[in-house]
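Quick notes on the structure that follows.
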Amino acid sequence: MYNDSDNKQPQIIKDAKGKRPEFYQNDSDQLMSMLMVLASEINVLRDRVDAQERVAKQKGLDLAKGIEELELDDTALREREAWRQGFFDRLFYLARKETNEQQNQQTEQAYRDIIEDIALK
Amino acid sequence: MLNCFQQAHHAMLPQNTHDEASRQEFAKSLKSFIQNQLLPGLAPVYSNRVAKKFALQNGAPPKDRHEIRKGMVEDPYFKLYASINRISQELLWEATNVSIARQLPQLIDRAKQLSKTAACELRIPKEFTPPRYVSALDIHCMPGGYCSEVAADDVAAGALYDRGVYLYSMGYTGPNNDDMGRSVCNYLKRNKPDFKPRRILDMGCTVGHSTLPYKEYFPTAEIWGIDVGAPVVRYAHARAQAMGLDVNFAQMNAEQCDFEDASFDLVVSHILLHETSGKAMPKIFNECARLLRPGGLMIHADLPPFDLMDPFTQFILDNETWYNNEPFWGAMREMDQIELAEKAGFARSKVRFDNAPMAIMEFAAQTAGYDEQTAEEVSERDFTAGEFAPGGGWEVLIAEKPLANEDAA
């Protein structure tokens, strides 16, 4: 049962406990995961642009012209930067996981020991 | 097959922004792509490349799933398959977690409101130690597992599981993730039409996905769902209320329940056993035997044993053990479940494996994305190792407790 007298915003657990397997012997696991997160974000953008065009079409708005003429003010610049920092947090999730494993001694040997231990009749 | 299945909304399910929903759809689509396009390449890669190379180096081709694995982990195609599969798993949790972090306090409040007026019980003991097989690793890489709490009255793990499992299963278990429970209910209605359970227990229920169909099929029965995770049973209780069903939930260990002897007519579990342990499984079978009334039924819907599968199929299935934080996945398939049931007091003649066909066709044309053709393609598949859900139906272990005048042996 959770006990905390602080009234702070709860912090979600982001990383799964247990040593992550290493698939490549040349350090490309990090790159592969970043690539897939980037692909996911490209998909988000593609969906969003698609949604904008569809909504605009329903409302009879010329979106393309408005986008070309848009000038970014300070609020827009701040919002875009905050979005990018959140994006980097998702992009480097595996670095976070690795740090967590190092801090909590989640090793390959520990993983094998758990299988042994748990499967034992 | 173009899978556009969409999860049905209910009051406890987190709301997604456009971008959160898009990231989650990406993770689900990636799973489909891996299953349909990358997985089928493993068999030819194995027979044409890996087995031959292994034979040259060792004088004979791999003889069992362990030797197959030794050869496969060196192969670049397998590395790509296994690493992308792992990443898809991590992405589905990550994409869901972001939306829960944004709205957790509201989710906790909503759960409290829904549970407050319920006519059925939510039982969470003050002291409870979850078993090591759920706390040692975060099973299927779900961050925090079933039991972690990050706030008072936390329901985060329940929300994460509800949405995450839908993405993991690519919607194959229906808009409410309840195909397994629904399939077992259908099976009972079809094969035991006179069986009218008055009290039903669902062990390892998590958020009650498979528990709720029992209330639908047996509306007058008293239903209990138990799980070792407090945040998941809290969420389950509120979710059942949100869906208009009175079902009791409790934080309880299936190895040792607080219920009286012979107090249930039906004890079921769905994908529970493979997340327990070699020591726990016999205890759970014993507990089922203790809890059942004479003539009552024990049904476990889980992974079928390895014994009749070829070594390559075994190898594919065992990838979950190594790459998805599922330490008991492979070992569980080597357990003799019939013998366990017999040792627990069920007569051997009253224990068997059977097939409960998927209920997915019932969802066709009822919820977004569940068109009849795609639903049919999911239900009519042949069994393919590494695909989610065995096409054709779920493997169920069924045992009947002897009547008082029958000999258990």
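A note on names: the letters A, B, ... follow the listed sequences, proteins ahead of strands, and every chain is numbered from 1. Treat the numbers as computed from the prediction; the structure is a model and nothing was measured.
A salt bridge is absent between B:Asp75 and B:Lys79; no separation between the charged side-chain nitrogens and carboxylate oxygens falls under 4.0 Å.
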Exercise for the section: Evaluate the criterion side-chain contact (heavy atoms from CB on, under 4.5 Å) for residue pair B:Phe249 and B:Arg234; output intermediate values, then yes/no. Expected result: CA-CA 8 Å; B:Phe249 288 93; B:Arg234 263 186 220 114; over 6 Å; no
Exercise for the section: Would you please test A:Lys19 and A:Gln109 for side-chain hydrogen bond (donor to acceptor under 3.5 Å, both in side chains) and show each step? Expected result: CA-CA 9 Å; A:Lys19 176 74 182 86; A:Gln109 188 55 48; over 6 Å; no
Exercise for the section: Apply side-chain hydrogen bond (donor to acceptor under 3.5 Å, both in side chains) to B:Gln251 and B:Asp227, showing your working. Expected result: CA-CA 5 Å; B:Gln251 184 185 31; B:Asp227 200 278; over 6 Å; no
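For B:Ala82, the parts sitting under 4.5 Å from any heavy atom of chain A are the backbone and the side chain alike. Proximity to chain B is limited to the side chain of A:Ala51, based on heavy atoms less than 4.5 angstrom apart. At a 4.5 Å heavy-atom cutoff, the contact between B:Leu104 and chain A is made by side-chain atoms alone. Within the 4.5 angstrom heavy-atom criterion, atoms from both the backbone and the side chain of A:Arg20 approach chain B. Neither the backbone nor the side chain of A:Glu116 comes within contact range of chain B; no heavy atoms are under 4.5 Å apart. Using a 4.5 Å cut-off between heavy atoms, B:Glu20 does not touch chain A at all. Of the atoms belonging to B:Ile84, it is side-chain heavy atoms, and not backbone ones, that fall under 4.5 Å from chain A. For chain A, the nearby part of B:Leu30 is the side chain; its heavy atoms alone come within less than 4.5 Å.
Between the side chains of B:Gln6 and B:Glu25, at least one donor N or O lies within less than 3.5 Å of an accepting N or O. Judged purely by distance below 3.5 Å, without hydrogens or angles, the side chains of A:Tyr93 and B:Glu90 pair a donor atom with an acceptor atom. With hydrogens and angles left out, the side-chain atoms of B:Glu320 and B:Asn324 include a donor and acceptor closer than 3.5 Å. There is a side-chain donor-acceptor pair under 3.5 Å between A:Tyr24 and B:Ser83. Looking at B:Thr17 and B:Asp19, their side chains never bring a donor and an acceptor atom within 3.5 Å of each other.
With sequence neighbours excluded, the residues satisfying ring pair (Phe, Tyr, Trp, His ring centres under 6.0 Å) with B:Phe285 are B:His300. Partners of A:Pro21 under the side-chain contact (heavy atoms from CB on, under 4.5 Å) rule, at least two apart in sequence or in another chain, are A:Phe23, B:Arg86, B:Tyr323.
Taking 4.5 Å as the heavy-atom cut-off, the residues of residues 327-335 of chain B that approach chain A are B:Pro327, B:Phe328, B:Ala331, B:Met335, ordered by number. Within residues 276-284 of chain B, the residues having any heavy atom less than 4.5 Å from a heavy atom of chain A are, in residue-number order, B:Thr276, B:Ser277, B:Gly278, B:Lys279.
When A:Gln106, A:Met36, A:Gln25 are compared by the number of non-hydrogen pairs under 4.5 Å with chain B, A:Met36 comes out ahead. Note on B:Thr321, B:Asp138, B:Leu160: by heavy-atom pairs under 4.5 Å with chain A, the leading option is B:Asp138. Looking only at heavy-atom pairs under 4.5 Å with chain B, the residue among A:Ser40, A:Ala110, A:Ser33, A:Ala39 that has the most is A:Ser40.
In this structure, A:Arg112 places its CZ atom where only 12 or fewer heavy-atom neighbours from other residues, nucleotides or ligands lie under 6.0 Å away. Atom CD of A:Glu108 has 12 or fewer neighbouring heavy atoms from other residues, nucleotides or ligands inside a 6.0 Å radius.
Ring to ring, B:Phe315 and B:Phe306 are not that close: their centroids are 6.0 angstrom or more apart.
Taking the six-membered ring where the residue is Trp, B:His140 and B:Trp93 present parallel rings, their angle staying beneath 30° rather than reaching 60°.
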